[in-house]
2 protein chains.
Amino acid sequence: MNLTEAKQQFIASWGAFGSHWGINRTMAQIHALLMVSAEPITQDDIMEQLNISRGNVNMNIRDLITWGLVDRILLSGERKEYFSAEKDIWKVATQIIKERKKRELDPMMKLLATLEDIDGDKKDKEVKQFIDTISGIRKFSKKADQMLDVMIKADESWFLTGMMKIFK
Amino acid sequence: MNLTEAKQQFIASWGAFGSHWGINRTMAQIHALLMVSAEPITQDDIMEQLNISRGNVNMNIRDLITWGLVDRILLSGERKEYFSAEKDIWKVATQIIKERKKRELDPMMKLLATLEDIDGDKKDKEVKQFIDTISGIRKFSKKADQMLDVMIKADESWFLTGMMKIFK
DNA sequence: ATTTACTTTCAGTTTGTTTTGAAAGTTCAA
DNA sequence: TTGAACTTTCAAAACAAACTGAAAGTAAAT
């Protein structure tokens, strides 16, 4: 397989992969394209390589920037804006974890805390089941939250080597 | 807040949460309803409580069963089928991890392996960047894969107490 | 001040997903 | 074997998300 084919395959798969995780296909594809590009590229490059409109590129690039996965690059002497993605997959992963934790896990935990103390007789089977379920989810989320915090702060070599000693 | 309100809130939030993770809102809502129900319930109960059609319930229940999150229960002497969800959140989580790993991570890793050895001069900047990116993702995925395997096999108390000693 | 090179926005359209409901299928009991 | 009770399917409808492209906006260069 040559570079062009391989790039295309990677971009397509990364897009499909993303769409299983609540990320829109095009955004994931743009991200993939940027990750395998050695040099920063322009909106027009992206439009051409992925066959999508200017507006679409603009919108998704903006999103990728707010996710902290892509940077706007201004080359001196150039009018045009260039874009470049973080290529270190560990940084990409921790950045995504950090953002999703903030956007989703944190609010969920806040809600669970309020739902745990409802009015009602704890002898009632339905009330008991509700409280048990919620409190189980809450305890689990708390641990997951702590674990993610450690991961975010840790560095890559710790993940690749240190942690694996623990996980035998 | 009373039980009914709290249930509704939980169901709504669990639905919204799911839809950020590639799970359709209704499926997540049915799952939530089943998790907080002390006793098995029927299709009709679900239709009524969530205001959705019979076909919709049927489809999504079937999906939840293939995910291993919900069981069909036959009460002796009853014609009707009842449904019940696994309530232990640890089991729910490991079950989801196991399935998604099989459906998504495993195929992705297989693809990455094939993409890593492309034709082309490794001195070429673009070729080099491509190989570096792919191999970085592959190494990372491999570690993540190992970690998930350990988690799937581990039991809940290990997660809640043991692992946390490691993560300080 | 005007032109030129570029970026952003957004109403309308396309595409994709979810839901409905009625019809077909199944199973059991009489 | 018929009918009642229930489940499953699936074509069409409703809904939601993503995309386009042209128009409006911005800012550097002349």
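Throughout, a chain's letter reflects where its sequence line sits, starting with A, and its residues are numbered from 1.
Within the structure, salt bridge (charged side-chain N to carboxylate O under 4.0 Å, His left out) pairs that include any residue of residues 11-33 of chain B do not occur (at least two apart or interchain). Identified under the side-chain hydrogen bond (donor to acceptor under 3.5 Å, both in side chains) test for residues 63-78 of chain A, with sequence neighbours left out: Arg72(A)-Glu81(A), Glu78(A)-Tyr82(A). Residue pairs satisfying the side-chain hydrogen bond (donor to acceptor under 3.5 Å, both in side chains) criterion with at least one member in residues 117-126 of chain A, sequence neighbours excluded, are listed as follows: Lys125(A)-Glu39(B), Glu126(A)-Lys7(B). Judged as a side-chain hydrogen bond (donor to acceptor under 3.5 Å, both in side chains), the pairs with a partner in residues 127-137 of chain B (not counting sequence neighbours) are, in order, Lys128(B)-Asp132(B), Gln129(B)-Thr133(B).
When rounded to the nearest whole Å, the span between CD1 of Ile73(A) and P of dT7(C) equals 14 Å. As rounded to whole Å, 13 Å separates atom C1' of dC28(C) from atom CG of Leu74(B). Going from atom CD1 of Ile46(B) over to atom P of dT20(C) covers 13 Å, rounded to whole Å. For the pair Arg54(B) CZ and dA23(C) P, the computed distance is 15 Å after rounding to whole Å. The interatomic distance linking Asn56(B) (CG) with dA13(D) (C1') rounds to 14 Å, in whole Å.
From Phe130(B), atom CZ reaches atom CD1 of Ile118(B) across 5.5 Å, with rounding to the nearest 0.5 Å. Rounding to the nearest 0.5 Å gives a distance of 12.0 Å between CD of Gln29(A) and CG of Leu34(A).
Partners of Asp88(B) by side chain to side chain donor-acceptor pair (under 3.5 Å), not counting sequence neighbours: none found. Applying the side chain to side chain donor-acceptor pair (under 3.5 Å) test to Glu116(B) and every residue at least two apart in sequence or in another chain returns Arg138(B). Applying the side chain to side chain donor-acceptor pair (under 3.5 Å) rule to Thr114(B) yields no partners; only residues at least two apart in sequence or on another chain are considered. By the side chain to side chain donor-acceptor pair (under 3.5 Å) test, Asn56(B) is found to be paired with no residue, residues two or more places apart in sequence or in another chain being considered.
Near-neighbour residues of DNA chain D inside residues 9-45 of chain A, defined by a heavy atom below 4.0 Å, number-ordered: Asn24(A), Thr26(A). Within residues 58-67 of chain B, the residues approaching DNA chain D are Asn58(B), Arg62(B), by heavy-atom distance under 4.0 Å. For the segment residues 75-85 of chain A, residues with any heavy atom less than 4.0 angstrom from an atom of DNA chain C are, sorted by number, Arg79(A), Lys80(A), Glu81(A).
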Exercise answer: donor-acceptor pairs, residues 102-112 of chain B side-chain atoms, under 3.5 Å, sequence neighbours excluded:
| unit_1 | atom_1 | unit_2 | atom_2 | d |
| --- | --- | --- | --- | --- |
| Arg103(B) | NE | Glu99(B) | OE1 | 3.1 |
| Arg103(B) | NH2 | Glu99(B) | OE1 | 3.0 |
| Glu104(B) | OE1 | Trp21(A) | NE1 | 2.7 |
| Glu104(B) | OE2 | Arg100(B) | NE | 3.3 |
| Glu104(B) | OE2 | Arg100(B) | NH2 | 3.4 |

